[in-house]
Amino acid sequence: MYFIDVILPIPLKQSFTYEVNKDEALFLQPGMRVAVPFGKSKIFTGIVFTIHKNAPIGYETKPIDHILDKSPIITKTQLKHWQWMASYYMCTLGEVMRAALPNAFLLESETIIALLSNKPQDESKFSDDEFLVYEALQHQSSLHINDIRSILDRKNVVSVINKLLEKRIIGVKEELYEKYVPKIKRYIKLSSAYSSEENLKGLLETMSRAPKQRQVLMTLFMLSAQERKPIDSILFQKKSESSSTVLKKLIEKEILEEYFIQKDRIEYKGTASSEIKKLNEVQEKVLQTIKALFKNKDITLLHGITSSGKTEIYVHLIEEILSSGKQVLYMLPEIALTTQLISRLQQYFAEKMSVYHSKYSVNERVEVWKNVLESKSKAQIIIGARSSLFLPFSNLGLIIVDEEHEPSFKQFSPAPRYHARDSAVVLAKLHGAKVLMGSATPSLESYSNAKTEKYGLVTLKKRFGNVLLPEIELVDIKEKYRKKKMTGHFSDRLLEEIKLSLENNEQIILFQNRRGFSPVIECTTCGISPQCPNCDVSLTYHQYKNELRCHYCGHHMPMLISCVACGNETLDNKGFGTEQIESELKEMFPDSTIARMDQDTTRRKHAYAKLIEALENHETDILVGTQMLAKGLDFRNISLVGVMNADNLLNFPDFRAHERSFQLLQQVAGRAGRTKKRGKVIIQTFNPDHQILQQVSTNSYEEMFEQQLEDRYQFKYPPHFRIIKISFRDRNFSKLQKASIWFGQALKTKLKNNVLGPEAPPVGRIRNLFITNILIKIPKDQSLSKTKGFIESIKRSFNSIKEFSSVKLVIDVDNY
Ligand code: ADP
Ligand code: ZN
């Protein structure tokens with residue numbers, strides 16, 4: 001007997017064992033996909049993990065359904081990386097598999113039923129339920145089990161289906177299908193009947209009375225002469241200024257022919273169009289230092305201020321790795337993956353580069369995956385967001401983690417709750433590759449790793465071309481309000497600078513952070529704000545749709561006219577958001593073009609790119625936005641950056657609030673004056689003496705670092721301590737209390753005072769589930785793996801307590 005252990009895409013603690021015959025055992029390799037039965041009627045796609053001869057204890061194995069691959073689609077290195085991830089982040093291999101594989105690799109299993117014949121049946125032989133199903137199938141050729149559940153309005157429908165099966169009224173098919181559909185493109189060419197000159201002449205003559213069709217033909221000749229490659233039908237239609245009906249007519253007349261070619265979805269035109277820029281002296285020195293450090297260190301941190309030319313340094317390093325025949329992964333936070341940066345890199349690397357991005361379709365991602373797996377030349381450099389580290393690299397030489405301080409490298413939900421920067425370090429180790437982290441404002445963790453010489457450190461303190469860092473001015477709005485020098489949310493200083501910039505025909509970015517945004521509605525009579533019925537938060541006002549929305553569960557309703565509590569029509573906006581800034585600006589500067597960039601305006605696929613393009617082309621004078629504006633954008637003509645209110649950043653209830661505020665404000669400020677002229681930054685605040693704001697205004701990263709590091713030590717936070725967070729959720733508040741207190745006490749038996757809570761988070765109920773958290777702080781000298789093992793053992797006991805079975809439990813390792 002032969003067996004295989006299979007990873008299934010569900011949160012099972014172990015892999016599952018199936019039996020295979022000898023031929024299958026000889027053929028199969030770890031990393032191949034197999035379709036396997038699971039439970040009563042399910043079929044899953046699983047990944048072969050091991051092949052062996054040991055029957056599992058405790059259950060009888062089933063044979064596999066069939067083998068889906070000819071060769072592994074997951075490499076051995078990937079399987080090792082998955083194992084590390086599952087163990088470090090305390091989740092299952094199945095959960096890692098779900099995150100790692102593009103969905104299209106996971107076959108779907110849906111039980112579908114259909115009528116066996118169209119002959120009318122004698123209705124008297126059906127029970128009521130059976131008849132309902134039969135009737136539904138008259139209207140629809142097939143139904144899923146789930147459809148039948150809702151038709152019959154009950155859960156267990158199997159017996160009804162079985163009866164109909166026995167009576168040979170219906171048939172069941174378990175359908176498996178690959179979701180990946182290769183993209184087919186339509187092309188146009190001249191019908192071969194007209195390939196001789198003579199016939200062609202005749203054709204053109206007959207067309208003298210159909211000028212539109214004639215024009216189409218002429219364009220086709222021109223294009224085929226110019227391009228010497230297949231002519232894309234959509235492009236052709238545009239160029240010939242014709243309609244699809246004209247094309248169709250020509251095809252019907254057999255003058256034109258259409259034909260189809262399967263296309264890779266992601267293609268880049270042409271070859272590299274720009275030479276790599278020559279580095280200046282400072283950059284060159286940095287590059288040499290990085291290379292020297294790489295001789296002894298696997299990881300190096302490049303601390304270079306905004307616009308110091310880090311990207312150009314990466315480009316040089318990438319070039320060298322590529323020429324040694326190795327692959328490069330260039331990781332960026334999702335939000336910084338702009339067309340701007342991508343097209344800049346494309347100019348250098350053109351067809352050697354592929355992009356892997358969650359905004360891309362499943363099919364596009366499958367293509368990149370396959371290209372990387374086959375080490376195709378167009379997949380030598382991958383640029384992507386956090387999930388790109390799951391690609392099947394074969395010989396990775398370098399990982400660049402740009403903007404390494406960015407919080408979006410961490411996945412919070414669902415599991416695996418991994419940090420892409422830290423996981424990249426492990427991935428690099430498995431490949432024997434180097435890691436270069438870059439940031440203008442490194443995270444405290446990375447910078448302290450560099451300071452303690454765990455990482456190499458290189459610093460770049462000058463902007464490219466010696467452009468000065470912008471001048472940062474703090475404006476005390478408490479005083480401005482008192483002296484009546486505020487117009488709406490704008491101080492007189494900010495307005496003066498806006499006017500000046502507009503007069504000089506320069507552009508402006510205004511920043512209002514999302515988190516503190518919440519334009520909460522409050523009744524000025526009784527002081528009550530409308531609350532979300534499902535969550536413990538106030539609803540926020542969205543002017544554009546005139547509705548109230550919950551940012552946690554999406555609940556929404558039309559804006560109220562009168563207060564729900566006292567009935568008076570005295571509801572008023574408190575707080576303010578990007579929308580309000582935008583409308584105030586439009587009133588004050590009716591002649592300027594004002595645009596807004598936030599989650600609401602960038603939902604659609606190209607919306608973000610369009611806003612940036614409009615700014616680049618100077619179609620926008622003022623752009624108002626959230627932290628989306630802070631990341632990696634390089635604009636030529638921004639002379640002024642305004643921060644509407646720095647305080648809600650600083651007051652955010654999180655141990656990193658100060659570090660994050662510093663990073664965000666420095667990054668936003670970095671958008672100003674990137675060319676010759678020195679930029680200006682105005683930060684409005686109620687608290688201009690705050691140490692972080694002082695440090696921002698004087699660009700004192702080091703000082704910020706030392707001070708925060710000291711604070712973190714005092715309060716037992718990273719990088720001095722590690723943190724594991726355990727969250728509990730339940731509908732029933734007292735059960736939740738009981739369960740979490742039980743868990744906390746069990747932890748305290750060993751971990752003593754380093755267990756904090758259970759405690760309710762700032763928003764204590766979401767989607768009708770109450771929430772409470774336990775934090776575990778782990779000192780440097782305490783074994784991490786032993787601590788995790790201890791937590792696991794408590795979790796097992798917890799799971800065996802029946803009373804707590806409804807409580808949802810989530811473990812988040814390094815929850816920051
Ligand atoms: P960073 O990544 O540190 O923010 P960039 O690499 O984007 O900085 O550089 C800032 C600007 O300076 C960019 O417009 C870039 O093209 C330009 N630049 C940087 N280095 C060079 C160089 N060696 N030669 C010419 N232009 C450069
Ligand atoms: Zn809600």
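Just so it is clear, the structure is predicted and the values come from calculations on it, not from any experiment. Any value given below was found using the heavy atoms of this structure, including those in side chains, with hydrogens, waters and symmetry copies removed.
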Step by step, work out the ring-ring contact (aromatic ring centres under 6.0 Å, His included) result for Phe412 and Tyr418.
CA-CA 7 Å; Phe412 285 101; Tyr418 67 101; over 10 Å; no
Can a donor-acceptor pair be found between the side chains of [X] and [Y] at a distance below 3.5 Å?
{"X": "Lys716", "Y": "Asn754", "value": "yes"}
{"X": "Arg421", "Y": "Ser443", "value": "yes"}
{"X": "Thr787", "Y": "Gln782", "value": "yes"}
{"X": "Asn799", "Y": "Ser797", "value": "no"}
{"X": "Thr441", "Y": "Gln663", "value": "no"}

Going by ring pair (Phe, Tyr, Trp, His ring centres under 6.0 Å), name the residues that satisfy it together with Phe49, two or more places apart in sequence or in a different chain.
none
Go through the steps for Phe662 and Phe705 under the test ring-ring contact (aromatic ring centres under 6.0 Å, His included), then give the verdict.
CA-CA 10 Å; Phe662 182 91; Phe705 171 77; over 10 Å; no
For His52, check side chain to side chain contact (heavy atoms under 4.5 Å, CB included) against everything at least two apart and list the hits.
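Side chain to side chain contact (heavy atoms under 4.5 Å, CB included) list for His52, sorted by chain: Phe3, Asp5, Thr17, Thr50, Asn54.
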Residues in side chain to side chain contact (heavy atoms under 4.5 Å, CB included) contact with Val564, at least two apart in sequence or another chain
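Listed in chain order: Leu560.
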Pairs under 3.5 angstrom only: tabulate donor-acceptor contacts from the side chains of residues 807-816 to other protein residues two or more places apart or in another chain.
| from | atom 1 | to | atom 2 | distance (Å) |
| --- | --- | --- | --- | --- |
| Asp812 | OD1 | Lys410 | NZ | 2.8 |
| Asp814 | OD2 | Tyr88 | OH | 2.8 |

One thing to verify: whether [Y] and [X] come together as a salt bridge, which I'm taking to mean a side-chain N less than 4.0 angstrom from a carboxylate O.
{"X": "Glu95", "Y": "Arg98", "answer": "no"}
{"X": "Lys62", "Y": "Glu60", "answer": "no"}
{"X": "Glu445", "Y": "Lys454", "answer": "no"}

Go through the structure and list residues passing salt bridge (charged side-chain N to carboxylate O under 4.0 Å, His left out) with Arg417, not counting sequence neighbours.
none
If you look at every heavy atom in [X] and [Y], which pair is closest and at what distance?
{"X": "Leu709", "Y": "Pro719", "answer": "CD1-CG, 3.6 Å"}
{"X": "Met85", "Y": "Cys91", "answer": "O-SG, 4.3 Å"}
{"X": "Ser446", "Y": "Glu404", "answer": "OG-OE1, 2.7 Å"}
{"X": "Pro37", "Y": "Pro63", "answer": "CD-O, 3.5 Å"}
{"X": "Met97", "Y": "Trp82", "answer": "CB-CZ3, 3.7 Å"}
{"X": "Leu389", "Y": "Ala424", "answer": "CD2-N, 4.2 Å"}

Could you tell me how the ring of His431 sits relative to the ring of Phe393: parallel (under 30°), tilted (30 to 60°) or perpendicular (over 60°)?
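Perpendicular: the ring planes of His431 and Phe393 meet at over 60°.
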Identify the residue among Gln707, His720, His658, Glu659 that makes a side chain to side chain donor-acceptor pair (under 3.5 Å) with Arg712.
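Testing each of Gln707, His720, His658, Glu659 against Arg712, the sole residue satisfying side chain to side chain donor-acceptor pair (under 3.5 Å) is Glu659.
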Could you note down all residue pairs passing salt bridge (charged side-chain N to carboxylate O under 4.0 Å, His left out) where residues 769-789 supplies at least one of them, sequence neighbours left out?
none
More than 12 foreign heavy atoms under 6.0 Å from CZ of Phe715: is that the case here?
no
